[in-house]
Amino acid sequence: MLDIKFIRENPDVIRKACEVKRIKSDLDRLLAVDQRRREIQQESDGIRNQSNELSGQIAHYKNPKSKLYQQMLEKGSTPEQLKAEGDRLAAESAALKQRLKDLEVENQAVGEEFKALMLTVPQVPSDKTPVGTSDADNKEVRRHGEPRKFDFEPLDHVELGKRLGIIDTERGVKIAGTRNYLLRGAGSLLHQAVLRLAMDTITARGFEPVTVPVLVRDEMMYGTGYYPGGEEQAYRCERDAKSLVGTAEVPLTAMYADEIIDESLLPMKFAAVSTCFRREAGAAGKDTHGIYRIHLFDKVEQVILCRADDAESERHHHEIIANAEAVLQALELPYRVLAVCTADMGQGKVEMYDIETWMPSRKGYGETHSASRFGDFQARRLNLRYKDGRTKSNIFCHTLNNTVIASPRILIPLLELNQNADGSVTVPKALRGYMNGLERIEAKA
RNA sequence: GGAGAGGUGGCUGAGUGGCUGAAAGCGACGGUUUGCUAAAUCGUUGUACGGGUAACACUGUACCGGGGGUUCGAAUCCCCCCCUCUCCGCCA
């Protein structure tokens with residue numbers, strides 16, 4: 001959500017943002033509704049003002065405890081006279097109310113339309129964001145590491161996982177339907193190890209570890225920008241008006257919703273490992289092979305809440321990308337960083353980078369991380385503010401987030417790149433400490 | 001899930017229909033005074049939206065968990081919801 005004042009004063013900036021982000025938002029309608037909304041407020045406030053004044057007078061005639069009532073009695077008025085005058089004023093005040101009722105009814109409708117329209121206005125992308133029309137226009141920023149050249153025919157993670165007995169998709173599907181899986185034995189250990197490595201890395205870098213709810217109120221889905229629009233992608237529990245989150249970004253970012261944070265506490269940095277639930281609606285037939293696109297996975301997510309300062313949030317953006325890179329480097333995985341273009345970045349984001357890791361079976365880089373910077377877009381929706389030390393005013397925070405690691409997707413490159421000719425998989429050094437020192441995953445005899 | 005109690009400003013806590021945007025205390029901020037960190041004293045001290053201004057000032061409205069209702073008038077009365085606490089039940 002943006003500031004309506006900003007929208008009012010810079011409609012062309014918003015129009016441009018809609019265009020480059022390929023987002024439809026009826027700006028003309030919004031401005032008209034905003035206009036009407038303010039007219040209604042002015043008129044109703046005026047009526048309430050009159051009515052409040054009348055009520056103040058009525059009190060004197062109808063409330064025997066009031067000083068003026070006593071004075072008027074002393075001056076010779078009879079209680080009957082006072083009551084009559086009070087009734088006359090009350091009738092006058094009641095007459096005012098009809099117009100107010102009408103206005104309130106209209107205001108209800110106008111207010112709802114205003115809110116709905118406001119939720120569709122896109123955040124303005126940064127100058128640094130490449131303008132594009134699809135993900136094909138995302139710009140590679142840098143690469144790290146070399147994709148491995150095999151001197152034997154490498155297996156893909158599905159085949160590897162099956163032979164090693166560590167990934168069981170058949171039984172996963174039997175139990176839970178398509179896009180489900182089981183990790184077993186060393187596969188389960190590997191999954192946990194990756195998460196632990198990520199968690200240890202991120203907390204060593206000053207992020208507070210948090211254990212979060214993954215079934216959250218719908219408000220938090222709206223607040224973080226997943227709703228409206230993303231309802232189809234989430235598992236929603238209708239009875240409870242709650243949704244299963246697709247990422248710990250939601251609870252972490254919403255943690256301080258409706259609060260005013262002391263500026264001295266910023267930036268706040270959080271990390272959480274959580275299960276992530278995704279319906280993957282509309283992705284039927286896409287990435288069906290293996291454990292790339294699945295309904296349920298675990299992810300370590302990092303979130304920063306900081307002051308409303310573009311330079312500062314940009315710095316943090318680079319920081320959270322570096323954090324993710326550190327984990328990939330520890331895992332010795334080759335990856336590249338992409339600047340995501342306007343058409344591919346989503347409504348709320350100012351700037352966004354993806355990290356893609358080399359996956360031999362895909363013969364290319366596959367997305368493993370996504371780092372977003374929102375400005376105050378989420379904070380406005382969440383009513384997440386801090387008190388500015390100098391001006392003493394309450395200001396919406398800036399929010400940012402990035403993956404630290406998501407598993408089992410990261411197991412795809414991990415298994416495929418570390419496989420040996422005999423079908424075993426070498427465990428990266430950084431993970432061995434989390435796996436009872438296991439160096440190689442081998443098929444059971 | 002059942003029974004009960006409760007949700008008031010940064011905090012504690014008064015207030016059961018008008019003179020209450022809200023006592024009192026604490027805290028915070030500013031001034032004065034005595035004077036090395038303390039005390040005394042005076043004052044200021046909520047948020048949102050609208051109008052207004054170059055910006056202040058100023059001004060209107062709303063807000064006592066949220067939403068509706070009664071009334072000329074609601075923190076106060078009525079209804080629904082949310083949340084917290086206590087007890088019982090169930091349970092990883």
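- Nucleic acid contact class of A:Arg8 (heavy atoms, under 4.0 Å, all strands): sugar-phosphate only.
- The separation of B:G30 from B:U86, taken at their C1' atoms, amounts to 45 Å, rounded to a whole angstrom.
- Checked against A:Thr201 for a side-chain contact (heavy atoms from CB on, under 4.5 Å), the options A:Val327, A:Ile405, A:Val404 give a single hit: A:Val327.
- Applying the side chain to side chain donor-acceptor pair (under 3.5 Å) definition to pairs two or more places apart or across chains, those involving residues 14-23 of chain A are A:Arg15-A:Asp28.
- Nucleotides B:U61 and B:G73 are separated by 15 Å at their P atoms, to the nearest Å.
- Contacts classified as ring pair (Phe, Tyr, Trp, His ring centres under 6.0 Å) and involving residues 158-212 of chain A (residues at least two apart or in different chains) are not found.
- Between the side chains of A:Ser407 and A:Asp298, no donor-acceptor pair is found at a separation under 3.5 Å.
- The separation of B:C29 from B:G46, taken at their P atoms, amounts to 15 Å, rounded to a whole angstrom.
- Comparing B:C26 with B:C80, their C1' atoms sit 37 Å apart, to the nearest whole Å.
- Residue A:Ser393 is the one, among A:Ser393 and A:Ala94, whose nearest nucleotide of RNA chain B lies closer to the 5' end (criterion: closest heavy atom).
- Within the structure, ring pair (Phe, Tyr, Trp, His ring centres under 6.0 Å) contacts touching residues 286-326 of chain A (residues at least two apart or in different chains) are A:His317-A:Tyr353.
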Quiz item: Can you give the dot-bracket line for RNA chain B, using ( ) for pairs inside the strand, [ ] for pairs that cross earlier ones, | for pairs with another strand and . for unpaired bases, where Watson-Crick and G-U count if both distances are under 3.5 Å?
Solution: ((((((((.[[[..)..(.....]]]((((((.......))))))((((((......)))))).[[[[[..)....]]]]])))))))....
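- If you check every strand for non-hydrogen atoms under 4.0 Å, A:Lys62 touches a base.
- To the nearest whole angstrom, the two C1' atoms, one in B:U45 and one in B:G21, are 14 Å apart.
- Pairs of residues two or more places apart, or lying in two chains, that qualify as side chain to side chain donor-acceptor pair (under 3.5 Å) and include a residue from residues 246-258 of chain A are A:Tyr226-A:Glu249, A:Thr247-A:Lys299, A:Glu249-A:Gln378, A:Glu249-A:Asn401, A:Asp258-A:Asn383.
- Considering all non-hydrogen atoms of both residues, A:Ala186 and A:Met435 come closest at O-CE, 3.7 Å.
- With sequence neighbours excluded, the residues satisfying side-chain hydrogen bond (donor to acceptor under 3.5 Å, both in side chains) with A:Lys162 are A:Glu170.
- Reading RNA chain B from its 5' end, the first and the last nucleotide to sit under 4.0 Å from a heavy atom of chain A are B:G18 to B:C83.
- When heavy atoms are screened at a 4.0 angstrom cut-off, A:Ser93 is found touching the sugar-phosphate backbone but no base atom.
- Projected onto RNA chain B by closest heavy-atom contact, A:Leu89 and A:Gln41 fall at different nucleotides, the more 5' of which corresponds to A:Gln41.
- For the contact set between residues 211-225 of chain A and RNA chain B, defined by any heavy atom under 4.0 Å, the members are A:Arg217.
- With sequence neighbours left out, the salt bridge (Lys or Arg N to Asp or Glu O under 4.0 Å) criterion links A:Glu43 to A:Arg99.
- If you check the side chains of A:Glu112 and A:Gln108, you find a donor sitting under 3.5 Å from an acceptor.
- Side-chain atoms of A:Glu39 and A:Gln35 form a donor-acceptor pair, as typed in the model, at a separation below 3.5 Å.
- Taking the side-chain hydrogen bond (donor to acceptor under 3.5 Å, both in side chains) definition, one finds that A:Glu80 meets it with nothing, sequence neighbours left out.
- Within the 4.5 Å cutoff, the side chain of A:Asn323 has heavy atoms near those of the A:Glu319 side chain.
- Residues satisfying the side-chain hydrogen bond (donor to acceptor under 3.5 Å, both in side chains) criterion with A:His60, sequence neighbours excluded, are absent altogether.
- Scanning residues 102-121 of chain A for heavy-atom distances under 4.0 Å to RNA chain B yields an empty list.
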